[in-house]
Amino acid sequence: MRVPLIAGNWKMNMTIPEAVELVNGIKIGLRWPEDVDVVVAPPFTSLKMVSEVAKDSYIAVSAQNVHHEENGAYTGEIAASFIKDAGANYVIIGHSERRQHCNETDELVNKKVRIALKNELKPIVCVGETLEQREQGNFVEVIEKQLSVGLEDLTQVLASELVIAYEPVWAIGTGKVATVTQIEEVHEKIRAFLAKNFSEDVANSVRVLYGGSVKAENSKEILSLPNVDGALVGGASLNSAGFIEIIKSLPPR
Ligand code: 13P
């Protein structure tokens, strides 16, 4: 059985004191142990501090990006080993904001996934179509290409460590949520892709999250879909009470 995962992507928000307050709020507000994995992804500057605060809790910590090389002359970049060193165990890779603003390609996503896995970080690999691609009707092909190039040549053992997040670009930060039918359709296709390209075991063990305007008001319906194993939450994860409500809206298992 897949343990559900709720992750908060704080994006470029939260100073160190704000980050500490937020993670403490989540820690205090939840009754542990819950039957769920909770992950927070602060900016790099508060990664270590948040990891320290989260240490004696069930909250795991994620980076929002990683460089694709082990180390070297890459001014301003952060290596996978530094993220591990700061106490994080996950890393978000290929978020649409990085694809859009930093020209990240599927090939680069693949390099980042490999370096993350080599350093024992669990990648949360983001895929999703733009509004134009949705309207053109070829969104499944777009997502399958993101997966086939982004996850190219991974062994089954490594692939089973992945988390995939389906985030339709048109639903991010817009308040526009995909319908449950749209979400379940894509999640089913992602699971079928994993079964075909890796194995049934990989397809059964990889968590597929939904992201895009998830909040307490809509999370219950989304999280009860059979192929949705959790959520990658942006804006609504910046407030501990709202984030906890989303975690609590998971269906009982
Ligand atoms: P919002 O929840 O703010 O739409 O952001 C979603 C997202 O991009 C999470 O990675």
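Along the sequence shown, the residues carry numbers beginning at 1. Owing to the predicted nature of the structure, the values given are computational and were not obtained by experimental measurement. Each ligand, and each atom within it, is numbered from 1 in the order the structure gives.
Of all protein heavy atoms, the one closest to atom 3 (O) of ligand 1 is Gly235 N, 2.9 Å. The protein non-hydrogen atom at the shortest distance from atom 7 (C) of ligand 1 is Glu167 OE2, 3.2 Å. What sits closest to atom 5 (O) of ligand 1 on the protein, heavy atoms only, is Lys11 NZ, 3.2 Å. When hydrogens are left out, the protein atom nearest atom 2 (O) of ligand 1 is Gly234 N, 2.9 Å; that is the closest non-hydrogen contact.
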Evaluate salt bridge (charged side-chain N to carboxylate O under 4.0 Å, His left out) for Lys118 paired with Glu70, printing each intermediate quantity in order.
CA-CA 10 Å; Lys118 194 171 164 205; Glu70 204 75 68; 3.0 Å; yes
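Each of the atoms 9 (C), 10 (O) of ligand 1 lies under 4.0 Å from some heavy atom of Leu232. Ligand 1 places these atoms under 4.0 Å from at least one heavy atom of Ala171: 4 (O). Less than 4.0 angstrom separates some heavy atom of Ser213 from each of these atoms of ligand 1: 1 (P), 2 (O), 4 (O). Atom numbering of ligand 1 starts at 1 in the shown order; those under 4.0 Å from a heavy atom of Asn9 are 9 (C), 10 (O).
With respect to the salt-bridge test (charged N to carboxylate O, under 4.0 angstrom), the residues Arg2 and Asp37 do not qualify. Salt bridge Lys189/Glu144: absent, no basic N to carboxylate O contact under 4.0 Å. Ion pairing between Lys112 and Glu104 holds under the 4.0 Å rule for side-chain N and carboxylate O.
The aromatic rings of Tyr210 and His187 lie tilted to each other, with the angle between the two planes from 30° to 60°.
Close N/O approach between Gly173 and ligand 1 is found [any backbone or side-chain N/O within under 3.5 Å]. At a 3.5 angstrom cut-off on N or O pairs, Gly212 does not count as close to ligand 1.
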For residues 40-51, please give each side-chain donor-acceptor pair under 3.5 Å, one per line with the distance, not counting sequence neighbours.
from: Lys48; atom 1: NZ; to: Glu52; atom 2: OE2; distance (Å): 3.1
from: Ser51; atom 1: OG; to: Leu47; atom 2: O; distance (Å): 2.7
from: Ser51; atom 1: OG; to: Ala86; atom 2: O; distance (Å): 3.1

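If you run side chain to side chain contact (heavy atoms under 4.5 Å, CB included) between His68 and each of Arg114, Glu77, Lys111, Glu107, only Lys111 comes through.
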